[in-house]
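Here the structure comes first, spelled out in structure tokens, and everything after it is commentary.
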Amino acid sequence: MNRKIGAITIGQSPRNDLIPEIEEYFMGAEVLQAGALDGLSKEEIQALLPEEGDTVLVSRLRDKSWAVMGERKIVPLLQKCVDALTVQNVSFIILLCTGKFAEALHSPVPVIYPQKLIYGIVPALADGKRIGIVNPEATQIGQCIKNWGAVSDNITVTSLNPYDANSAVESAAAEMVRKQADIIILDCMGYTRKMKSRMEELTGKPVILPRTLVARIVGELLE
């Protein structure tokens, strides 16, 4: 197999907060990164804020801050990333976002959508028990309930911004305990292994981390 894979962030690349944590699973394959917001000014990024009715997305910027954007506005920028990576002969592309994209990206190579993997695997692991979902923004909770409600009828949701140093895992963990979650999914590629470990420690419940879950599956494709 071609030993080059593409990785697209809906924020800015390179994702030095993410790729180093998961590249051990990639069997030595070269990872070529691209970001939907690469090269954009602050004003251009600000113009991507979601409008009423649009799906809210959150991602990291190169300066370690974060951006909130609407899905409809970001999809054309993601398509440009796909086009740029495919001409570099990657064997497939990983979308570094757990969002549920209504509009598929057009690509001559497979695009791996973490959401599709997570929505299949997590309910199977929960086996009817309550799934606690942690997402980055409080404004995402409504869409989170709608999306996850399509795959499980036993969910509870809270928020924790993985890019904000002032956000406390402790408060999100306390909310998961209060709401009696049996298994917890940190529903964003921005959450880290350290956050997963802390959440497990505080709740005593199993915690699923999308970045490592997806990376392990990618490793199966590369092995």
Side-chain angles (χ1 to χ4, degrees), residues 7-10 18 21-22 25 54-59 71 74-75 78 92-105 110-162 167 169 171-223:
I8 298 175
T9 175
I10 64 171
L18 196 167
E21 277 205 352
I22 62 176
Y25 299 105
D54 199 1
T55 297
V56 179
L57 300 173
V58 182
S59 191
E71 181 187 299
I74 206 72
V75 167
L78 292 173
F92 56 85
I93 293 170
I94 310 165
L95 183 59
L96 301 176
C97 177
T98 62
K100 184 179 181 180
F101 288 84
E103 182 180 343
L105 299 170
V111 177
I112 297 173
Y113 293 87
Q115 176 268 332
K116 293 181 179 180
L117 300 176
I118 292 165
Y119 281 28
I121 292 172
V122 174
L125 293 176
D127 193 25
K129 295 179 180 177
R130 174 162 292 190
I131 302 171
I133 303 150
V134 183
N135 58 189
E137 283 277 329
T139 54
Q140 294 177 304
I141 288 178
Q143 68 192 37
C144 181
I145 292 171
K146 178 182 178 181
N147 292 338
W148 275 95
V151 294
S152 174
D153 58 4
N154 195 1
I155 63 171
T156 186
V157 184
T158 192
S159 60
L160 171 69
N161 190 329
S167 292
V169 174
S171 60
E175 189 74 356
M176 289 290 96
V177 171
R178 187 182 71 81
K179 293 182 175 179
Q180 300 181 326
D182 297 303
I183 185 170
I184 298 166
I185 170 75
L186 300 179
D187 194 10
C188 175
M189 295 292 278
Y191 295 114
T192 66
R193 283 176 158 178
K194 183 177 179 180
M195 292 174 181
K196 168 188 164 77
S197 296
R198 184 63 174 150
M199 183 67 72
E200 288 175 335
E201 177 185 352
L202 292 167
T203 64
K205 301 297 181 180
V207 177
I208 297 174
L209 186 65
R211 61 170 59 179
T212 47
L213 173 63
V214 173
R216 286 183 169 96
I217 293 171
V218 169
E220 285 294 312
L221 296 175
L222 291 167
E223 190 171 14

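The first residue of the sequence shown is numbered 1, and numbering continues consecutively from there.
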Which pair of heavy atoms, one from [X] and one from [Y], lies closest together, and at what distance?
{"X": "Val58", "Y": "Ile10", "answer": "O-CD1, 3.8 Å"}
{"X": "Cys97", "Y": "Met189", "answer": "N-CG, 3.5 Å"}
{"X": "Gly128", "Y": "Asn154", "answer": "O-ND2, 3.2 Å"}
{"X": "Glu71", "Y": "Glu103", "answer": "OE2-N, 4.3 Å"}
{"X": "Leu96", "Y": "Thr9", "answer": "CB-CA, 4.2 Å"}
{"X": "Ile131", "Y": "Pro123", "answer": "CD1-CA, 4.1 Å"}

Just by modelled atom types, is the [Y] backbone N or O under 3.5 Å from a matching donor or acceptor in the [X] side chain?
{"X": "Asn135", "Y": "Leu160", "answer": "no"}
{"X": "Glu21", "Y": "Arg193", "answer": "yes"}
{"X": "Thr192", "Y": "Met195", "answer": "yes"}
{"X": "Arg216", "Y": "Arg211", "answer": "no"}
{"X": "Lys196", "Y": "Val207", "answer": "yes"}
{"X": "Asp187", "Y": "Ile133", "answer": "no"}
{"X": "Glu137", "Y": "Ser159", "answer": "no"}
{"X": "Gln140", "Y": "Val56", "answer": "yes"}

Quick one: do Ile185 and Trp148 satisfy side-chain contact (heavy atoms from CB on, under 4.5 Å)? Show the steps, please.
-> CA-CA 11 Å; Ile185 170 75; Trp148 275 95; 4.1 Å; yes
So how far is it from [X] [atom1] to [Y] [atom2], rounded to the nearest 0.5 Å?
{"X": "Thr203", "Y": "Arg198", "atom1": "OG1", "atom2": "CZ", "answer": "10.5 Å"}
{"X": "Ile155", "Y": "Cys144", "atom1": "CD1", "atom2": "SG", "answer": "6.0 Å"}
{"X": "Leu222", "Y": "Ile217", "atom1": "CG", "atom2": "CD1", "answer": "12.5 Å"}
{"X": "Met176", "Y": "Leu186", "atom1": "CE", "atom2": "CG", "answer": "9.5 Å"}
{"X": "Asp127", "Y": "Ser152", "atom1": "CG", "atom2": "OG", "answer": "10.5 Å"}

Between [X] and [Y], is any pair of side-chain heavy atoms under 4.5 Å apart?
{"X": "Leu117", "Y": "Ile112", "answer": "yes"}
{"X": "Tyr25", "Y": "Val218", "answer": "no"}
{"X": "Leu209", "Y": "Tyr191", "answer": "yes"}
{"X": "Pro162", "Y": "Cys188", "answer": "yes"}
{"X": "Ile183", "Y": "Lys129", "answer": "no"}
{"X": "Leu78", "Y": "Leu95", "answer": "yes"}
{"X": "Tyr113", "Y": "Thr98", "answer": "no"}
{"X": "Ile208", "Y": "Ile184", "answer": "no"}

Does atom NZ of Lys179 have more than 12 heavy-atom neighbours from other groups under 6.0 Å away?
-> yes
Is the number of heavy atoms from other residues, nucleotides or ligands under 6.0 Å of Gln180 CD greater than 12?
->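 Not more than 12 within 6.0 Å, no.
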